[in-house]
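In this chain, numbering begins with 1 at the start of the sequence shown. On a predicted model such as this, the values are computed, not experimentally measured, just so you know.
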Amino acid sequence: ALKVNTTLTELDLGGEKIGMEGAAALASALKANTTLTLLDLSYCKIAAEGGMMLLQALEINTTLTELCLRGDTGIPHEIVGRIRFLPSLRRVRCNDPTLTE
């Protein structure tokens, strides 16, 4: 549904613990979505592989401008750092003090 969504602009999945399977589905949807501008994945326990899928999707998606990755997402620092500097993202919130918002 998110792939073909034309109205939803914000999605809060914070605390949902979507895991890698959910991250894969979300990444697939983000590659095609053109309306979502804010996504909260705080405490979602996505892990490294899910984080890499998210990074790859966000390299394609240019609509999302704000991403929240606070708490235990399971995404390694290196991947969060790469996500943080994607040109379309104006704001990335995370717990890592070395990565400024």
Side-chain angles (χ1 to χ4, degrees):
L2 190 58
K3 279 185 182 181
V4 295
N5 164 64
T6 59
T7 55
L8 186 69
T9 59
E10 297 182 8
L11 181 59
D12 183 352
L13 295 174
E16 293 300 323
K17 296 175 182 56
I18 63 172
M20 195 182 72
E21 185 176 309
L26 181 60
S28 176
L30 284 173
K31 288 178 183 177
N33 181 277
T34 59
T35 57
L36 198 65
T37 59
L38 185 147
L39 178 60
D40 187 344
L41 296 175
S42 299
Y43 301 94
C44 281
K45 299 199 183 255
I46 294 170
E49 192 171 343
M52 185 55 76
M53 288 185 278
L54 179 63
L55 170 63
Q56 292 167 346
L58 292 174
E59 288 173 333
I60 295 167
N61 180 303
T62 59
T63 309
L64 195 74
T65 58
E66 188 169 347
L67 179 63
C68 190
L69 297 172
R70 291 188 172 144
D72 184 12
T73 61
I75 302 173
H77 170 85
E78 297 79 17
I79 295 174
V80 173
R82 289 177 61 191
I83 290 171
R84 167 64 184 88
F85 292 104
L86 291 172
S88 63
L89 288 173
R90 290 186 303 209
R91 186 171 189 188
V92 177
R93 297 184 211 165
C94 62
N95 290 345
D96 191 331
T98 64
L99 301 172
T100 59
E101 292 187 17

Minimum side-chain heavy-atom gap Leu30-Leu54 below 4.5 Å: yes

Verify same cluster id: Leu69, Tyr43 (apolar side-chain graph, 4.5 Å): no

From CA spacing to verdict: side chain to side chain contact (heavy atoms under 4.5 Å, CB included), Thr6, Thr34: CA-CA 7 Å; Thr6 59; Thr34 59; over 6 Å; no

From CA spacing to verdict: side chain to side chain contact (heavy atoms under 4.5 Å, CB included), Leu67, Asp40: CA-CA 6 Å; Leu67 179 63; Asp40 187 344; over 6 Å; no

Check against side-chain hydrogen bond (donor to acceptor under 3.5 Å, both in side chains), Ser28 and Lys3: CA-CA 8 Å; Ser28 176; Lys3 279 185 182 181; 3.1 Å; yes

Straight-line distance of Asp12 CG to Ser42 OG, nearest 0.5 Å: 7.5 Å

Candidate pair Ile79 and Met52, rule side chain to side chain contact (heavy atoms under 4.5 Å, CB included), full reasoning: CA-CA 7 Å; Ile79 295 174; Met52 185 55 76; 4.1 Å; yes

Greater than 12 external heavy atoms within 6.0 Å of Glu49's CD: no

Asp72 side-chain N/O to Cys44 backbone N/O, donor-acceptor pair under 3.5 Å: no

Joint cluster assignment, Ile83 & Leu38, ILVMFWY side-chain distance < 4.5 Å: no

hydrophobic_cluster_shared for Leu2 and Ile18, side chain cutoff 4.5 Å: yes

Shared hydrophobic cluster, Leu11 / Met53 (ILVMFWY, side-chain heavy atoms < 4.5 Å): no

Common cluster, Ile60/Leu64, ILVMFWY with side-chain heavy-atom separation under 4.5 Å: no

Stepwise side chain to side chain contact (heavy atoms under 4.5 Å, CB included) test for Asn5 and Thr7: CA-CA 6 Å; Asn5 164 64; Thr7 55; 3.6 Å; yes

Heavy-atom donor-acceptor pair, Thr37 side chain to Thr9 backbone, under 3.5 Å: yes

Any side-chain heavy-atom pair of Leu39 and Leu26 under 4.5 Å: yes

